[in-house]
Structure formats: structure tokens, C-alpha cells
Amino acid sequence: MTYHTGAKLYLQYNDASHPELIDLLSIDYEQGIKSMNISIDVEHAETTHPYDKNALLDALLKIESSNYQVCDVSFHHINAMISKSIHTWVYLSSLRSMIDSLRSNMKISNHEIRESELIGKHASEFTWCEICCLAFGLKKKLKVEDILKSNLSEIHRERFVRSANVKLKVAAVLNELCKYAEAEEVLKDVLLENQMLFGEYHPTSLSIMGNLALLYKIQERYDDSEELYSIVLQHKEDTLGGAHPSTLTTLQNLGNLLRDAHKYDKAIMMFRRLIEDEEMELGYNHPDTVKSIDCLADIYLQCGHESDAVVLLKKTLAIKQEIYGKISVPVVMTYETLATLCVHELFDTEQAIEYFRLALECRETLFGRNHTSTVSTSLRFARLLKSLQDFDQSLLFFERVLQATEIRFGVLHHNCFDLIQQIIELHIQAMHYDQAELLYLDLYEKQKELDSELALSTIMVLYQIAELYVSTKRYQTAEEYHRKALQQRRKVLTPTDVLIGISHCGVAHCLACCDRMDDAKVHYEQALDIFDVSSPDGPTSELSLKTADSLSKICRATGDLQLCEVLLLRLKLHYRKILGPNHNKTLEYSKQLAEIVDVE
């Protein structure tokens, strides 16, 4: 918006006793609004002081305006877009009050009235310098300080409120950046200014104190936070009443703080009081009341009062069914909380299964079987059934989860592979070896397609297939897969990698079970050399000790008593040092060693 009225402003002064106005107006012109083509011809206007609108306001208030005359007043092409700066809003009320004062107290021409109306219409688009110029220009010999003084408190109040809002946002950002000391300094500064301007316990002051209390809570300065929250709560109760929403919010904040500080007795007392007030003010079936009851149940769980928590959760379950309906998200979440509580705290598995079934029925009705939340609940239920060794039902839900995961991600996805591994484990536990074998072979082909034949994940499936054949005593087939895994690992790993040692042990075990002791001995020796070098604990690692034990048995069977004696002595000395001379393992190896010595 461009405001067209004229050309120049001349400011004449009688003496140089008040240079502040000259300097500051000059600075405002030089640094802020050159592009507005406002010409201000002022003698002795040179200055190096920084640009400061607040100082300009103070300067105007100090000056006796009767010493100044404004003549030949006009403006030329005021560019309103430039004036949309962050500082503009501070002085809007000043401009409006000047216009109102001119209208009511001075005789001005109709043309000047029209100009003042136009200024009022576009007040938000003018800078402070323009406001000063307009104030001087609308009437000659205008006493600026009289107009400003009459509205000074309002200007300062409006300026502080807006400044405080900015500072509070700055404090929030500092808090997010974990710059707690700086955030605290800003909040304390705003709080002090607000208390001086509005009062110590003004609602705005109490709100800032609440922000400061939250900052203390984040820093785990619980005592400082509790003190502030208590002050805020007390004054809100005195001024607003105990049932006011703002009072209830503060009461809830204090209760949550006491819970986080592990002051459970106080927290329980606060939430009981909160629930009582909310039931009285809002009703027993209000969402806020239900939320508070859930919070109290959570506190009971944290302090070990599981039975009290169950009572409250069942109470909220009935209320949620009444409010939201039996098939609703809040009801489902309560079912799942009760199910988890029954599993881990009350050890009531039958009730847990019932709650999980209800939760699944609700989720499937609300979202469908393949929704992520339904799948998550199904997976938790499947794991519960697995822990109870109900393998058939567990498999049913695992397969349901796998089907939904394949629909979402595709069959060649690592999430699907992880689920297949869990399903195979269930089949093995249920002794469904044929199904496990088919799933393993299919998984191997999928891994090759996704990651390549030499990927470690693919080779691991080979190793697992071999171990499955070992568990079913199909040693020749197991040896074939162990050798294949060994060959693949040698292609991608260093010769002394622990995984190569593990493959050597797998091959050796299959050979030993087929009575090929000499070949088994070779692989066990290679594995032991690798484990002694590459295992984190070296010769004392679990892998080395286990391999040494297996190798000692092979050596005894093949008649290599010298190596057998060395291995048994190594095992005896280790367990005597770790477990003591009278431990069963130490005594067992001592006995075997003595037998070897007797044979020799």
C-alpha cells in the first residue's frame, strides 16, 4: 500500500538542549526507511548511536514539544510494505491514540481528518518514524508528549504482553534443545516482569510459574517443581475454586509430578482428590474423569498395588463401554492393559487369554484383520500362547500375522523372514519336523533371492537346516548342509572368524555321529584353534571349553591319549580356578584325567 500526500518535513528547534530527538529521528531515517523517500532536514543530525525505537519513545517523553515547530508538512510515496517489520506492532496503540486526541482536542481541517482516517485504516503498515512524522505533520505546534503520556501505561502493557509471548516461545525452544539453564533464565525474567506489571499471583504469572515448574520437572528437580505447582494450585483454588478446569489441570500436573518423583502416597492422594472433583463437576462418565482414573490405576501398578489397579481398570472399562460403546478404541486399549496385567502381575493366564480375544475381536471389527494395530495385538497374543505351550493356537495367530505382514511388505521382506523363523521354532517345539523342514527350505530360497547366496543371513539358514537334520538324527544330510555352510562362510569371512569355527564343529559332530572319528578330530582341532585365537575370552571362552571337551572325547575314542590328557588337564585347571577344587566339573575332569594316566 502506498500513501500519497506530499513531499517534505522540516523540523525546527530553538536550542540544542534536546539532541535526543534529532539523533534518534535521524538514525531511524538513515537505517530504517530510506526507501520510503521521506526527506527529514535536521541540523546536527550526525550520530553513531545504535538504532533503538524504545530510546526514541523515551526521548520524546523527555522533550518539551513547545520548543519545536513543524511546518510545510507533507509526505511523498510512503512505502507501506517496508514498514511491516517486527517492531511495528509495539506502537500501534500510540498512533491510534494520537488520531483520537487530534479529533477530540484540536481543530483540524476536513482534509486533515481524512488523512487521519486513512492513517487509522492502515495503522499496522506504518513504522514508528512515520508515526512521529504523522503526529508532527497533522497539526503544527503539536505537543507530542501529552498524547504519549496519556497512553504510556497502555503502550508498555501491550508491548510487554507481546514481548512475553515471544520470550515464552524462546524458552520452549531452548527447552527442546535441552538448554535448560538458558530456558530457566528467560522464564524467570518474564515471570519477574509480569509480576511487577500485573501482580505476583495474576493468572498470567501463575501460568508462567507453571511453565517453570514443568521445566524443573524435565530436569528431575522434583522438589523445586512441586513447590511451584503447589503455589499455583493454592492460588487457583483461592481465586477460581477447586472445581475450575484450570485448577483441575494444575492438580493433575502436580499428581503426575509426584508420580514421577516416586512419591506415590502423595500422588495417590492428589489423583483421588482430582477424581472426586471431576466426578462432582464433570460427572463420573466424563472423558477427563476416566483419564484420571486410568492415571491412578497406573500409579497403583507402579507402587505394587496390582489388585487396586485391576479394580479401577475394570471400573473405567465399564464407563468406556457406556461412553464410547463396546467396540471402540478406548475399550480395546483397556482390554489390552488388563491382559498384560493378568499375564505379568496377577499370573491369571485364563483371564489374560479372554481379554486378548476380546481385544482382537474389537480391533478386527474396527480396523480389519490386516491393520497394523490388529497385527500387533495378534502377535502379542501368539507369544502369550507360545509361552503357555499352546503351540497349535500360537501357530494359528503367528500365521495370521505372517499373512498380514506379507500383504503389507511383500513376501521378500525381513519382517516376514523373522516371523517364519518364529513359526519354524514353534513347529520344532511341537515336533512338527516335516513342516519345519519345508519352511526352512522355502526360507532359504527366499533369502537367496533377496540377499544373494553368499549373504551371511542366507548362510545362517543353511546352518539352521543342518541343525534341524541333526535334531532328527539325519546326520549325513546334516553333514552335507554344514559343509555347504562352511564353504560359503570361507568365501566371505576371514579364516579365523568364529562362525567358521562353529561350522567346523557342526561338521565334526555329524562325522562323530557317523563313527568317522578321525575326520571329526580334524574339524574339532581346526575349530579349537580358531576359538582360542578369535573368541573374546580366548582359551577360556565357552566355545573353546566346549570344543576342548568334545575333542577330548574324540581323542580318547581314537587312542590319541596324549592330546586327550592335555585337553583334560586344561579343562580341570580352568574349572578349579573358576569353580573351586570341589566342584562337580572339576572332580569329573580330575577323574577322567586319572583314568587316562592309568591307561598310559
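Taking the six-membered ring where the residue is Trp, H371 and F367 present parallel rings, their angle staying beneath 30° rather than reaching 60°. In this pair, F409 and H413 present their aromatic rings parallel. The plane angle is below 30°, not in the 30 to 60° band. Using cut-offs of 30° and 60° on the angle between ring planes, the pair Y300 and H305 is tilted.
Here the side chains of T349 and C342 are not in contact, with every heavy-atom distance at 4.5 Å or above. Side-chain atoms of Y469 and Y475, non-hydrogen and from C-beta on, never get closer than 4.5 Å to each other.
Under a cut-off of 6.0 angstrom, the local environment of CD in Q429 is crowded, with over 12 non-hydrogen atoms contributed by other residues, nucleotides or ligands. Summarising the local packing, CD of Q302 is surrounded by more than 12 heavy atoms from other residues, nucleotides or ligands at distances under 6.0 Å.
Among residues two or more places apart in sequence or in another chain, the salt bridge (charged side-chain N to carboxylate O under 4.0 Å, His left out) test is passed with E480 by none. Contacts of H432 classified as ring pair (Phe, Tyr, Trp, His ring centres under 6.0 Å), with partners at least two apart in sequence or in another chain: H427.
Remark: aromatic rings of Y463 and Y481 are distant, center separation not under 6.0 Å.
Between the side chains of T374 and E364, no donor N or O sits under 3.5 Å from an acceptor N or O. Looking at R363 and S373, their side chains do bring a donor and an acceptor atom within 3.5 Å of each other. At a cut-off of 3.5 Å, with distance as the only test, no side-chain donor of S590 or R576 sits close to an acceptor on the other residue. For the residue pair N584 and E588, no side-chain donor N or O sits within less than 3.5 Å of a side-chain acceptor on the partner.
Note on K263 versus D223: salt bridge recorded, some NZ/NE/NH1/NH2 to OD/OE distance being below 4.0 Å. Between D260 and K217, at least one side-chain nitrogen of the basic residue sits less than 4.0 Å from a carboxylate oxygen of the acidic one, meeting the salt-bridge criterion. The pair E565-R556 does not count as a salt bridge, with every side-chain nitrogen at least 4.0 angstrom from each carboxylate oxygen. Between E279 and K315 a salt bridge is recorded (basic side-chain N to carboxylate O distance below 4.0 Å). Note on R483 versus E479: salt bridge recorded, some NZ/NE/NH1/NH2 to OD/OE distance being below 4.0 Å.
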#### Entry: Pair S292-E278, side-chain hydrogen bond (donor to acceptor under 3.5 Å, both in side chains): steps then yes or no
CA-CA 9 Å; S292 298; E278 285 178 334; 2.7 Å; yes
### Query
Going through the distances and angles, do E184 and K188 end up as a salt bridge (charged side-chain N to carboxylate O under 4.0 Å, His left out)?
CA-CA 6 Å; E184 180 181 353; K188 284 184 174 180; 3.0 Å; yes
### Message
side-chain hydrogen bond (donor to acceptor under 3.5 Å, both in side chains) for S503 and R489? Distances and angles first, verdict last.
### Response
CA-CA 8 Å; S503 288; R489 283 174 172 171; 2.7 Å; yes
Which atom pairs, one a donor and one an acceptor, fall under 3.5 Å between side chains of residues 386-398 and the rest of the protein, sequence neighbours left out?
unit_1, atom_1, unit_2, atom_2, d
K386, NZ, E425, OE2, 3.3
S387, OG, L384, O, 2.6
S394, OG, A382, O, 2.8

Enumerate, atom names and distances included, each donor-acceptor pair closer than 3.5 Å involving a side-chain atom of residues 441-448, sequence neighbours excluded.
unit_1, atom_1, unit_2, atom_2, d
D442, OD2, K446, NZ, 3.2
Q447, NE2, D451, OD2, 2.9
Q447, NE2, S457, OG, 3.3

Tabulate below the donor-acceptor pairs under 3.5 Å that side-chain atoms of residues 317-327 make, not counting sequence neighbours, or state none.
unit_1, atom_1, unit_2, atom_2, d
K320, NZ, D294, OD2, 2.9
K320, NZ, T334, OG1, 2.7
Q321, NE2, Y335, OH, 3.1
E322, OE1, Y284, OH, 3.1
E322, OE2, Y284, OH, 2.8

Listed pairs under 3.5 Å, donor-acceptor, residues 519-533 side chains, sequence neighbours left out:
unit_1, atom_1, unit_2, atom_2, d
K521, NZ, D560, OD2, 2.5
H523, ND1, H504, ND1, 3.0
Q526, OE1, H504, NE2, 3.2
D532, OD1, S544, OG, 3.0
D532, OD1, R570, NH2, 2.8
D532, OD2, R570, NH1, 3.3

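For the pairing with I424, the side-chain contact (heavy atoms from CB on, under 4.5 Å) check across L439, L419, L438, L468 returns one residue only, L439.
Side chain of T316 to main chain of V290: no donor-acceptor pair is present (N/O by atom type, distance under 3.5 Å, no hydrogens or angles).
The two residues I428 and Y440 make their nearest non-hydrogen contact at CD1-CE1, 4.4 Å.
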